[in-house]
There are 2 protein chains.
Amino acid sequence: MLLRCQLLSEVEARGVRLTAQRRALIETIQEATTHLDAASLLELAHKRDPNINRATVYRTIELLKQLGLIDELDLMHLNGEKHYYEVKTEKEHLHLACFKCGEIVEFATPAFERLKHEIAAKNQFEIQAIRLEVGGLCGLCAAKKQKQLQ
Amino acid sequence: MLLRCQLLSEVEARGVRLTAQRRALIETIQEATTHLDAASLLELAHKRDPNINRATVYRTIELLKQLGLIDELDLMHLNGEKHYYEVKTEKEHLHLACFKCGEIVEFATPAFERLKHEIAAKNQFEIQAIRLEVGGLCGLCAAKKQKQLQ
DNA sequence: GTATTTGCAAAAGCTTTGCTGCAAC
DNA sequence: GTTGCAGCAAAGCTTTTGCAAATAC
């Protein structure tokens with residue numbers, strides 16, 4: 001799996017030596033198909049190594065954040081205050097969170113990229129992290145609401 | 001003060017009866033010149049009524065959120081996990097948070113408005129809340145870093 | 001042998017809740 | 001006399017931390 005190798009090698013390319021536990025955690029993040037919060041990451045990583053501890057999870061997340069390799073999301077606090085993590089992608093994308101059904105959709109558009117550049121230029125700001133989150137009703141839930149009102 | 005009357009009357013226009021404490025809290029939010037978190041709001045509101053309780057603060061914030069009159073911000077978790085609140089404005093704006101000096105700058109641009117509309121249209125999404133937060137180095141701190149590197 | 005990492009449990013920080021009594025209408 | 005609000009303290013949830021033991025190099 002190409003992607004899996006990328007995150008790991010990105011870390012090592014930065015001269016960071018990894019323990020087996022951290023490697024397991026990083027692989028788990030890389031292979032995840034949904035947005036992971038710390039607890040879910042721990043649970044998933046336990047399949048690789050049941051001894052991994054919560055503290056190690058947080059410390060590894062901290063490491064990856066420092067290296068600028070993952071992004072931290074709130075997903076509009078749809079499920080409380082936990083954070084979610086995803087591997088940083090080349091192109092910025094945003095997250096749509098449905099307050100009704102909880103669905104999370106990702107959306108990328110050149111307009112977001114352009115906006116990002118405008119922000120940096122007009123404010124002389126060196127952007128290290130950018131997070132655009134949207135909350136509301138997805139198409140399905142919005143349609144349902146319309147029906148109920150009729 | 002015109003603005004102050006607006007938030008209050010917006011609430012009452014929605015048929016919500018307010019107690020004196022809630023009115024005091026809402027006035028405090030309206031008049032604040034910085035982004036308030038719950039604790040700061042409580043502290044400030046105590047000048048109007050020293051009996052206001054933390055629980056009442058959170059319950060009033062919840063009310064205003066439900067009514068769609070305030071926005072909740074994280075400000076890139078610059079100071080921990082607390083939330084900040086601001087009166088919802090007509091035009092969307094975003095927040096730039098400097099990881100170094102902690103400065104928060106607001107920035108509005110038509111490009112953000114356009115992006116918002118594109119998001120809604122392309123995803124058939126009914127946007128109720130949108131939050132764009134940026135973290136990095138403000139111009140000053142970025143310049144300082146450049147100097148140190150030389 | 002020194003430097004890091006781990007495991008554990010406790011603490012910390014912010015927010016929510018249960019419940020009792022109080023106030024409003 | 002209902003209905004809803006306030007006050008208090010405790011609980012809840014997620015994240016962070018201190019420290020001793022274990023591991024890696």
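Throughout, protein chains are lettered first and strands after them, A, B, ... in sequence-line order, and every chain is numbered starting at 1.
- Within the 4.0 angstrom heavy-atom criterion, only backbone atoms of the sugar-phosphate kind lie near B/R22; the bases stay farther away.
- Summarising the geometry, the separation between CD1 on A/I52 and C1' on C/dG7 is reported as 13 Å, rounded to the nearest angstrom.
- In this structure, A/T19 does not reach the C/dT4 phosphate: none of its side-chain N or O atoms is under 4.0 Å from OP1 or OP2.
- Comparing B/T56 and A/K82 by the nucleotide of DNA chain D that holds the closest heavy atom to each, the one mapping nearer the 5' end is B/T56.
- When distances are taken from the side chain of A/A38 to each of C/dT15, D/dG7, D/dT15, the shortest belongs to D/dT15.
- Judged by distance alone, the side chain of B/E133 and the main-chain N or O of B/L75 form a donor-acceptor pair under 3.5 Å.
- For C/dT16, neither phosphate oxygen OP1 nor OP2 lies less than 4.0 angstrom from any side-chain nitrogen or oxygen of B/Y58.
- Taking atom CG of A/L63 as the reference point, atom C1' of D/dT15 lies 17 Å away to the nearest angstrom.
- In this structure, CG of B/L42 is placed 12 Å from P of C/dT15, rounded to the nearest angstrom.
- In summary, the side chains of B/Y84 and B/E72 do not present any donor paired with an acceptor at a separation below 3.5 Å, with no hydrogens or angles considered.
- One can find a donor-acceptor pair under 3.5 Å joining the base of C/dG7 and the side-chain atoms of A/R59.
- Using a 4.0 Å cut-off, no side-chain N or O of B/H83 falls inside it from OP1 or OP2 of C/dC14.
- For the pair B/R17 CZ and D/dT2 P, the computed distance is 20 Å after rounding to whole Å.
- Between the CG atom of A/D74 and the P atom of C/dT15 there is a distance of 12 Å, given to the nearest Å.
- In this pair, B/H83 and A/H77 present their aromatic rings tilted. The plane angle is within the 30 to 60° band.
- Here the side chains of A/L96 and B/F125 are in contact, with some heavy-atom distance below 4.5 Å.
- Taking only side-chain nitrogens and oxygens, B/Q21 comes nearer than 4.0 Å to OP1 or OP2 of D/dG7.
- Position along DNA chain C of the nearest nucleotide to A/A20 versus B/K65 favours A/A20 as the more 5'-ward residue.
- Residue B/E62 contributes atom CD, which lies 13 Å from atom C1' of C/dT17 at whole-angstrom precision.
- Atom CG in B/N53 sits about 15 Å away from atom P in C/dT17, given to the nearest Å.
- Looking at B/N53 and B/T56, their side chains never bring a donor and an acceptor atom within 3.5 Å of each other.
- Straight-line distance from the CZ atom of B/R23 to the C1' atom of D/dC5: 14 Å, rounded to whole Å.
- Here B/N51 lies in heavy-atom contact (under 4.0 Å) with sugar-phosphate atoms only.
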